[in-house]
Amino acid sequence: DISQLEGAGKNVQDKKINFISSLWNKCKPTEVKFVTKLLLGTLRLGVAENTVMDALAIAFTGDKENRKKLQYAYNVSSDLGKVAETVATKGLEGIEKFEIALFNPIRPMLADRVKSEAEAIEKMGNEFAAEYKLDGERVQLHIEGDKVVLFSRSLEKIEIYYPDIIEKIPKNIQADNIILEAEAVAINENTGDFLPFQELMHRRRKYKIEKAITKYPITVNFFDVLYCNGKNCMELSYKERREKMEKHVKEDEFAKYIPMKLVKNECEIEDFMENSINAGSEGLMLKMLDKPYQAGSRGNHWLKLKREYSNDLGDSLDLVVIGGYFGKGRRTGNYGTLLLATYDEDENTFPSICKVGTGFTDESLDQLYQILNPKVSIKKNPRIISEMEADVWFEPELVIEVVASEITLSPIHKAAFNTIRKNTGLALRFPKFTGKIRVDKAVEDASTNEEVITLYKGQKKIAHDKNLM
DNA sequence: TCTGGCTGCCC
DNA sequence: ATTCTGC
DNA sequence: GCAGAATGGGCAGCCAGA
């Protein structure tokens, strides 16, 4: 029945409504809730992939230790359903036959976060590789002759967004077949400088992609090879893989190697970090030289180090709490998200700049609820400038501290509205509550529009279009 | 034909 | 994406 | 330390309804 709902068509909505209502009719009352959550993809059972693999291992092989073999099969095939089917019908023997295959996506290796150069040294040891962490889209390229298949980080097929990669990259490859990893980054065509992530996102389009190619040019920045000339390369060390990648990919204006340097101490990391930030990158990726490619796992062999964490005085912002949203799940009964604003000195108003929903402990969440509840107002205070629909509005009285990785142009937030670009404001990317409730601060002492504008203009990568003011 | 709300996927 | 928490 | 579950901005596309 469900398969009939696939694909486009007129009145799909009606068909879906009919389908769902008949499904509900077959349910016992207690089942309706769970069927609904299943349909919405919001079922939370405390169970995810790894737990499923444990369960499969126990159910079909009788030994939880076999989870490692299942894990490998999954990492290499990216298809947990197929892994489950195979272990159920063919047992471990079937599982052991899973291997890397060209044009089948591999689950990407992930990195842990680290907050300082010192912590990085501690975890990485003597000597390791540092690469620029470019702010683009991670792309897994499978290539054989002129045939190119691209996968996103979550293993979506993304060829249609990058016809230029499909056309140009085969010429850079010196191998019969190969699986590579790279970061696609938007660039300024004239200067070659990196542009913000927001610019790259214009490429994720179904229509008018040919125009977008010239309007939003990119470079492809290679950093790894997983498979080459029919052979699995994942067991090779980082060093060997990097050499292999450089051997089989030829650089030019479009295809680059991600800048990399071997480093030994804090000083060298800091220097390279400085270069990387000046080049407009987010920070560094740190990689152990002798470790294999661990598909699908976030381990200690790769670390990411972002600038934001490096200086503890950081560029934190003191923002005014203007609105709240009721929390879900374990946050039920508290505000799960707060709407924040800067202070506009000229207008004496509080224009929204972001929501923040992370960085809270259970305790701080309780505490904030206690503080904010008395400030709830029936009507939105006229000094609040926001088009968002908060669950509750607060009298603008409380200031909290927030850090963020970047300031972006915003179609929805109102801070510095119409000062950088027409009809757009500024917002924070990856905002986090620092834990500091600034009860000592008056709202008029919060971070101002002017300060945020200064921070925005101080960023290495900023937009370059004609609508700027 | 246009638009607001919503979804899915990037980070 | 970041972050916190239970195990 | 892992796994899970809270939560962010913002882009294009889709669809229902104006």
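All chains are named by letter (A, B, ...) in the order of the sequence lines, taking the proteins before the strands, and each is independently numbered beginning at 1.
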J.: Evaluate whether atom CD of A:E159 has more than 12 neighbouring non-hydrogen atoms of other residues, nucleotides or ligands under 6.0 angstrom away.
T.: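 More than 12 heavy atoms, drawn from other residues, nucleotides or ligands, come within 6.0 Å of this atom.
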J.: To the side chain of A:Q198, which of B:dC11, B:dC10, D:dG10 is closest?
T.: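 Output: D:dG10.
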J.: Evaluate the ring planes of A:F223 and A:W302, with Trp represented by its six-membered ring, and classify them as parallel (under 30°), tilted (30 to 60°) or perpendicular (over 60°).
T.: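 It falls in the perpendicular class, over 60°.
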J.: Nearest-Å distance, CG (A:D54) to C1' (C:dC7)?
T.: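 Between C1' of C:dC7 and CG of A:D54: 14 Å.
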J.: Among A:K375, A:E395, A:E397, which residue meets the side chain to side chain donor-acceptor pair (under 3.5 Å) test with A:N381?
T.: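 When side chain to side chain donor-acceptor pair (under 3.5 Å) is applied between A:N381 and each of A:K375, A:E395, A:E397, only A:E395 qualifies.
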J.: Are any of the side-chain heavy atoms of A:R383 and A:Y343 separated by less than 4.5 Å?
T.: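 A side-chain contact exists here, since the closest heavy-atom pair is under 4.5 Å.
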J.: Considering only heavy atoms, which members of residues 413-427 of chain A lie under 4.0 Å from some atom of DNA chain D?
T.: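 Close to the strand are A:H413, A:A427.
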J.: To the nearest Å, give me how far apart CG (A:L80) and P (D:dA3) are.
T.: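 Atom CG in A:L80 sits about 13 Å away from atom P in D:dA3.
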J.: Between B:dC10, D:dC11, C:dA1, which nucleotide gets closest to the side-chain atoms of A:K133?
T.: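 When the side chain of A:K133 is considered, C:dA1 is the closest of B:dC10, D:dC11, C:dA1.
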J.: The side chain of A:K306 is closest to which nucleotide in this list: C:dA1, D:dG10, D:dA3?
T.: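 Nearest nucleotide to the side chain: C:dA1.
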J.: Report the residue (A:K328 or A:R204) whose heavy-atom-nearest nucleotide on DNA chain D is the more 5′ of the two.
T.: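 Closer to the 5' end of DNA chain D: A:K328.
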J.: Look at the side-chain N and O atoms of A:S154 and state whether any lies under 4.0 Å from the OP1 or OP2 oxygen of B:dC10.
T.: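 For A:S154, the contact criterion (side-chain N or O under 4.0 Å from OP1 or OP2 of B:dC10) is met.
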J.: Hey, is the side chain of A:Y207 poking within less than 4.0 Å of OP1 or OP2 on D:dC14, counting only N and O atoms?
T.: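 Indeed, a polar side-chain atom of A:Y207 lies that close.
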J.: Out of A:K133, A:K304, A:K461, which residue meets the side chain to side chain donor-acceptor pair (under 3.5 Å) rule with A:E282?
T.: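 Only one of A:K133, A:K304, A:K461 forms a side chain to side chain donor-acceptor pair (under 3.5 Å) with A:E282, namely A:K133.
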J.: Tell me: CG of A:L339 to P of D:dG8, nearest whole Å?
T.: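 Spelled out: CG on A:L339 to P on D:dG8 is 10 Å.
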J.: When we call it a touch if two heavy atoms are under 4.0 Å apart, what does A:E406 touch: a base, just sugar-phosphate, or nothing?
T.: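 No contact.
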J.: Any side-chain N or O of A:R113 under 4.0 Å from OP1/OP2 of C:dT2?
T.: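 Answer yes for this pair, as a side-chain N or O of A:R113 is under 4.0 Å from OP1 or OP2.
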J.: Which whole-number value in Å describes the distance from A:K64 NZ to D:dC2 C1'?
T.: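 The answer, rounded to whole Å, is 11 Å.
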J.: Given D:dT7, D:dA3, B:dC10, which nucleotide is nearest the side-chain atoms of A:S152?
T.: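 The nucleotide sitting nearest to the side chain is B:dC10.
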J.: Between B:dG8 and C:dA1, how far apart are the C1' atoms? Round to whole Å, please.
T.: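 Approximately 15 Å lies between the C1' atom of C:dA1 and that of B:dG8.
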J.: May I have the step-by-step check of side chain to side chain donor-acceptor pair (under 3.5 Å) for A:E183 and A:N221, ending in yes or no?
T.: CA-CA 5 Å; A:E183 189 84 6; A:N221 302 268; over 6 Å; no
J.: Students often get this wrong, so: under 4.0 angstrom with heavy atoms, is A:I160 touching a base, only sugar-phosphate, or nothing?
T.: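 No contact.
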J.: Under a 4.0 Å heavy-atom cut-off, which of residues 352-370 of chain A touch DNA chain D?
T.: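 A:C354, A:K355, A:G357 - these, ordered by number, are the residues of the stretch whose heavy atoms sit under 4.0 Å from the strand.
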J.: Under 4.0 Å between a side-chain N or O of A:R203 and OP1 or OP2 of D:dG10?
T.: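 No, because none of the side-chain N or O atoms of A:R203 sits under 4.0 Å from OP1 or OP2 of D:dG10.
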J.: Need one value for A:I412: base, sugar-phosphate or nothing, where a base atom within 4.0 Å counts as base even if backbone is also close, heavy atoms only.
T.: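 It contacts sugar-phosphate atoms only.
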J.: Quick check: are there more than 12 heavy atoms from other residues, nucleotides or ligands sitting under 6.0 Å from CG of A:N278?
T.: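 Enclosed: over 12 neighbouring heavy atoms sit under 6.0 Å from CG of A:N278.
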J.: For A:E156 and B:dT7, what is the distance between atoms CD and C1' respectively, to the nearest whole Å?
T.: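 Distance, rounded to whole Å: 13 Å.
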J.: Give the nucleotide from the list D:dA6, C:dA1, D:dG13 with an atom nearest to the side chain of A:R331.
T.: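 That would be D:dA6.
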J.: Of the nucleotides C:dG6, B:dC10, D:dT7, which one has an atom closest to the side chain of A:R330?
T.: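 Nucleotide nearest to A:R330's side chain: C:dG6.
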J.: Could you tell me whether the side chains of A:E137 and A:Y161 share a donor-acceptor contact shorter than 3.5 Å?
T.: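 Distance-only check fails for A:E137 and A:Y161.
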J.: Mind checking if A:R153 touches a base, just sugar-phosphate, or nothing, with heavy atoms under 4.0 Å?
T.: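 Sugar-phosphate only.
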J.: Nearest whole angstrom, please: distance from the C1' of D:dC11 to the CD of A:E137.
T.: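 After rounding, the gap between these two atoms is 11 Å.
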J.: Can you identify which nucleotide, out of D:dT7, B:dC10, D:dA3, has its nearest atom closest to the A:T337 side chain?
T.: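 Looking only at side-chain atoms, A:T337 lies closest to D:dT7.
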J.: Could you check how far CG of A:L428 sits from P of B:dC11, rounded to whole Å?
T.: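 It works out to 20 Å between those atoms.
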J.: A:T408 side chain N/O closer than 4.0 Å to the phosphate oxygens (OP1, OP2) of D:dG9?
T.: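 The answer is no; no side-chain N or O of A:T408 sits under 4.0 Å from OP1 or OP2.
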J.: Taking the cut-offs as 6.0 angstrom to the six-membered ring centre and 45 degrees off its axis, would you call A:K287 and A:Y238 a cation-pi pair?
T.: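 No, A:K287 and A:Y238 do not form such a contact.
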J.: In whole Å, what is the span from the CG atom of A:D135 to the P atom of D:dG10?
T.: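 Taking CG of A:D135 and P of D:dG10, I get 14 Å after rounding.
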J.: Measure centre to centre between the rings of A:F394 and A:Y335, then say whether the value is under 6.0 Å.
T.: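 Yes - the distance between ring centres of A:F394 and A:Y335 falls below the 6.0 Å cut-off.
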J.: Should A:D135 and A:K460 count as an ion pair when the cut-off is N to O under 4.0 Å?
T.: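 Salt bridge: no.
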J.: Here's a test of your reading of the structure: between A:P431 and A:K206, which maps to the more 5' nucleotide of DNA chain D?
T.: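 Final value for this comparison: A:P431.
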J.: Take atom NZ of A:K380 as the centre, draw a 6.0 Å sphere, and report whether it contains more than 12 heavy atoms from other residues, nucleotides or ligands.
T.: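 Buried by this count: over 12 neighbours within 6.0 Å.
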J.: For a quick test of reading the model: is some side-chain N or O of A:K432 closer than 4.0 Å to OP1 or OP2 of C:dT2?
T.: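 Checking A:K432 against C:dT2: no side-chain N or O falls below 4.0 Å of OP1 or OP2.
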